[in-house]
Amino acid sequence: MTLRIYNDLHRRKEEFEPLEPGRVRMYVCGMTVYDYCHLGHARVVVVFDVVYRYLKARGHEVTYVRNITDIDDKIIQRANEQGIPFHELTKKFIDAMHEDFDALGVERPTLEPRATGHLEEIIRMIQALIDKGHAYQAENGDVYYDVRSFPGYGRLSGKSIDDLEAGARVEPGEGKRDPLDFALWKAAKPGEPAWDSPWGKGRPGWHIECSAMSTSALGDTFDIHGGGADLTFPHHENEIAQSEGATGHPFVRYWMHNGFVRVKEEKMSKSLGNFFTIREILEHYRPEEVRYFILTSHYRSPLNYDEEHLVNARKALDRLYTALRGLPRAEPGEADQYVEAFNAAMDDDFNTPEALAVLFELVREINRVRPENEKKAARMGAELKRLGGILGILQEEPEAWLKGTPSGSEGLTDEQIEALIQQRLEARKAKNWAEADRIRDELKAQGIVLEDSPQGTTWRRE
RNA sequence: GGCCUGGUGGCAGAGUGGUCAUGCAGCGGCCUGCAAAGCCGUGUACCUCGGUUCGACUCCGGGCCAGGCCUCCA
C-alpha cells in the first residue's frame, strides 16, 4: 500500500516517497500574528495536523516545521495604532494562537521558528541571491528579487511572467527594475523596527522569511510544503525562486494546498470581514465539533461555514461516542478490514470524509456484535478509538462527551438530573407510567435525553 | 482579460465506465410499559447540450452557473 499525495506542482496525485526513507520533512506556512486566528487558519492547522499524525501512524519519523511571521507591515501598523512595541503585540497573539490551536487538539509542530529569530539566515540568503545575480539593491535601499533571472518562475502557480506583466504596476518610489520583482529586504522607515544588514538598516520581506526558515530547519530540499491555497501565488512561487536561486538545489518535492473556508459561497477572509474567530466559535461549540466539521470535507475542497454543519458534527460524534460508551477496556483488534479501508482512504490523498465513513461502518459492526460478544465489541471499539486518534477525534471519555455541554450553555446540574432519574425509577417500579413519562418529558425539555436499558437508565445532553 | 477549481438525493459530502458511500433528516419494521439508543429495511441523486462506448453521473467537447488566484491574505 502506498500513500498518494496530490502534488500541486504537477497537478496530479503522486506516490509519496520521502527523500530519506522513513523520515519526512514537512513545512507549513503559519500565521502572521497581528490578530486572533479565524476558522480559515484553523482549517490549515487541523488539516496538516492530520497529515502529520497520519505520516507518524504510518511509521515515519516526521520533522514538522510551522513558522510564525512576527514582523511585517500589518504587525507594524497595528502596533503603531495601539501605541505598543511590535513584540508586545505579537506576543499577545502568539499566546492566543497557541491557546486556540491547543483547544482544537492540534499537536505542536516539531519546530515553530519565528522570523525575528532568523535574521542571520535571512540576510545570508539574500546575500547569496545577490551574489548569484538573482537580486539587486534599488536606489531606495530596498533589495528586490529579479524575477526574470529565474527561469522556472510561474511553474507552481501555472502563470507565465508575460501574462502577469500585463496587470502589474510599479508603485512610485519602489525602484524596481521589473514590476514583478518583489522585496527581499525593506529599508527602514522612521519609527519602524529595523535590523542591521549589509544593505543598511531594514527588515526582511515576507517571502524570504519562509525560504530561510524552512531550509535552515529542513535542508535545501525537503519533502512536503503546505499552506492555504491563497499562498500558491505569489508566496510559494517566490519561495521557490528564492530557495532554488540561493541554494542551487530543488526546493520542495510535494506541494500541498488546502481549500478555503467559505461563508455564503465566499472566501472567509480578513479583508472581506466575513470571518469567525476560533475563540468566538468555541464559545458555542466544542473543539471536537469544529475539528470534525473541518474533516467532513476533503482538504482541497471548499468548506462552507454554517452553524447547522457544526450541529450536525455533534450529532455524528454522538453516534461515534455512543458506540464506545460503556465498553470494557481492551486492546485494539478484530477490525482488520476496517483498518485497511481506513488506511486506503487516507492513503488516497488524505481522504478524511471517506475515512470517517469507514469509522461509521465500524460503529455499525460494533453495535451489531455487542449483544452477543462484548469482548469482541470492546476490541473493535478500541480500534475505533485508535483510528479516531489519527484524525484527532474520539479521545474523550464517551460518558463525559455525551453528558458534556457546549461551553457557555447552562441548565440542570448532573446531581439534579440524577435525582430526577431516581424519582422516575421509583415511579417506574410502581408502574406509574404517567409520572415516569412526566419526568422524562421535563428532562427532555431541558435538553436531557434518557435511555432505558436492562442495565439501567443512562442520560446524555442533546 | 489570463490562469485554475468545482457543479451528486431534503441538507452536508465521498466516489465509480455497467451492484453499496457515509452522517443528519424522513418513512416502515424489530426492540421498549411507552420512548430513546441500537439493529433491519427504505428513496426514479449525479447542472445542461452534444460526442465516444454494447453501456457514462463517471471519458471528450461546447454552454450555463458558482468559487478562487492574478494586490496583503491560511
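Below, read A as the first sequence line, B as the second, and so on, with proteins coming before strands; counting in each chain starts at 1. We use all heavy atoms of the structure for the numbers below, so side chains are in, but hydrogens, waters and symmetry mates are not.
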> Take atom NE2 of A:His41 and atom P of B:rC72, then tell me their distance rounded to the nearest Å.
16 Å
> Please classify the nucleic acid contact of A:Val261 as base, sugar-phosphate, or nothing, using heavy-atom distances under 4.0 Å.
base
> So what does A:Thr322 hit on the nucleic acid, given a heavy-atom distance under 4.0 Å: a base, only sugar-phosphate, or nothing?
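Counting heavy atoms under 4.0 Å across all strands, the contact made by A:Thr322 is with sugar-phosphate only.
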> Under the side-chain hydrogen bond (donor to acceptor under 3.5 Å, both in side chains) test against A:Arg300, which residue among A:Asp8, A:Asp349, A:Asn258 passes?
A:Asp349
> On the nucleotide B:rC20, are OP1 or OP2 found under 4.0 Å from the side-chain N or O atoms that A:Arg364 carries?
no
> Return the value, rounded to whole Å, for the distance between atom NZ of A:Lys159 and atom P of B:rC4.
9 Å
> Donor-acceptor check, side chain of A:Glu396 to backbone of A:Trp401, threshold 3.5 angstrom: yes or no?
no
> Is there side-chain contact between A:Leu359 and A:Tyr338, with heavy atoms separated by less than 4.5 Å?
no
> Name the pairing partner of B:rC3, where a pair is Watson-Crick or G-U wobble with both distances under 3.5 Å, or state none.
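Answer to the pairing question: B:rG68, which forms a Watson-Crick or G-U pair with B:rC3.
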> Is there a donor on the side chain of A:Arg428 or the base of B:rG33 sitting less than 3.5 Å from an acceptor on the other?
yes
> Using whole Å, report how far CG of A:Asn367 lies from P of B:rC30.
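That distance rounds to 20 Å.
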> Whole angstrom is fine here: how far is it from CG in A:Asn238 over to P in B:rU71?
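Interatomic distance, CG of A:Asn238 to P of B:rU71: 11 Å.
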> According to a cutoff of under 5.5 Å between the ring centres and under 30° between the ring planes, does A:Trp433 stack with the base of B:rG33?
yes
> Roughly how many Å is it from CG in A:Leu310 to P in B:rC24, rounded to a whole number?
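Distance check: A:Leu310 CG to B:rC24 P gives 16 Å.
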> For atom C1', what is the distance between B:rA14 and B:rC24, given to the nearest Å?
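These two C1' atoms come out 15 Å apart once rounded.
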> Take atom CG of A:Asn304 and atom P of B:rG13, then tell me their distance rounded to the nearest Å.
7 Å
> Regarding A:Leu356, tell me which of base, sugar-phosphate or nothing describes its non-hydrogen contacts under 4.0 Å with the strands shown.
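Result for A:Leu356 = nothing.
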> For A:Trp459 and B:rA35, what is the distance between atoms CH2 and C1' respectively, to the nearest whole Å?
19 Å
> Should the pair A:His236 and A:Trp255 be assigned to parallel (<30°), tilted (30 to 60°) or perpendicular (>60°) ring geometry?
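Rings of A:His236 and A:Trp255: tilted, as their planes differ by 30° to 60°.
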> At under 4.0 Å between heavy atoms, what does A:Arg424 touch on the DNA or RNA strands: base, sugar-phosphate, or nothing?
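Base contact - A:Arg424 has a heavy atom under 4.0 Å of at least one base atom.
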> Using atom CG of A:Leu164 as one end and atom P of B:rG1 as the other, report the distance to the nearest whole Å.
17 Å
> Taking only side-chain nitrogens and oxygens of A:Ser297, does any of them come within less than 4.0 Å of OP1 or OP2 of B:rA12?
no
> Going by modelled atom types, is there a donor-acceptor pair between the base of B:rC24 and the side chain of A:Lys315 at under 3.5 Å?
no
